[in-house]
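Note that the coordinates shown come from a computational prediction; the quantities given were computed from them, not determined experimentally. Values reported hereafter were calculated over all heavy atoms of this structure, with side chains retained and with hydrogens, waters and symmetry mates removed.
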Amino acid sequence: MDKLEQIVHLVGEALEKARILSTIPLDAASRAKAAELMKEAKQSYEKMEALNQASQSNGKGLDKAALDAALDELIATFKGANQKLDELLAKARS
């Protein structure tokens, strides 16, 4: 799986977890944490889309090393968000 596919997969997982969380009664702090995670995930996804468009539309393309580094950071961000969402789900279900 290439890096863009991995990011799309991680975003899909985060959205599914967010949907589940929206159906579970949460305390105010957990609800705020979930909302902040989704806000960060959305911003990161928008950055990834901008990077992808820039790399395709720029005649020279972006420096591959810089693009790979940015994608690696986004993957780490989404993995972290998914882990925190897992923690919130576990807390909500207990």
Side-chain angles (χ1 to χ4, degrees):
M1 178 177 342
D2 74 357
K3 291 180 183 189
L4 289 175
E5 288 174 339
Q6 189 174 1
I7 290 171
V8 169
H9 177 75
L10 290 167
V11 169
E13 283 182 5
L15 290 173
E16 180 60 28
K17 292 170 188 176
R19 279 189 214 96
I20 293 168
L21 278 171
S22 70
T23 65
I24 299 173
L26 298 173
D27 59 65
S30 294
R31 187 158 304 282
K33 187 174 182 179
E36 181 62 28
L37 285 170
M38 292 314 299
K39 180 181 172 184
E40 290 176 17
K42 182 180 176 187
Q43 290 171 343
S44 295
Y45 184 75
E46 289 169 353
K47 290 176 188 174
M48 186 270 312
E49 284 292 315
L51 282 172
N52 189 33
Q53 288 178 352
S55 70
Q56 292 176 1
S57 64
N58 184 346
K60 294 172 149 183
L62 293 174
D63 174 20
K64 181 163 174 35
L67 182 59
D68 281 346
L71 292 174
D72 287 339
E73 286 181 34
L74 287 170
I75 289 169
T77 298
F78 286 120
K79 283 183 178 180
N82 274 316
Q83 182 179 355
K84 290 176 185 175
L85 286 166
D86 286 338
E87 292 168 6
L88 284 173
L89 279 170
K91 180 180 175 183
R93 290 178 173 158
S94 61

Set out, in order, the CA-CA distance, both residues' side-chain angles and the distance that settles side chain to side chain donor-acceptor pair (under 3.5 Å) for Glu13 and His9, then state yes or no. CA-CA 6 Å; Glu13 283 182 5; His9 177 75; 2.8 Å; yes

Leu88/Lys84 under side-chain contact (heavy atoms from CB on, under 4.5 Å): CA gap, chis, key distance, verdict: CA-CA 6 Å; Leu88 284 173; Lys84 290 176 185 175; 5.8 Å; no

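Considering only heavy atoms from C-beta on, Lys91 comes within 4.5 Å of Asp27 through its side chain. By the 4.5 Å heavy-atom criterion applied to side chains, Arg19 and Thr23 are not counted as neighbours.
Between the NZ atom of Lys3 and the CD1 atom of Ile75 there is a distance of 6.0 Å, given to the nearest 0.5 Å. In this structure, Ile7 CD1 and Leu71 CG are separated by 4.5 Å, a value rounded to the nearest 0.5 Å. A distance of 11.0 Å separates CG of Leu10 from CG of Leu15, quoted to the nearest 0.5 Å.
Hydrophobic clustering of Ile, Leu, Val, Met, Phe, Trp and Tyr side chains at less than 4.5 Å, counting indirect connections, keeps Val8 apart from Leu74.
Taking each heavy atom of Ile24 and Ala92 in turn, the nearest pair found is CG2-CB, 3.5 Å.
No salt bridge links Glu36 with Lys33; every basic N to acidic carboxylate O contact stays at or beyond 4.0 Å.
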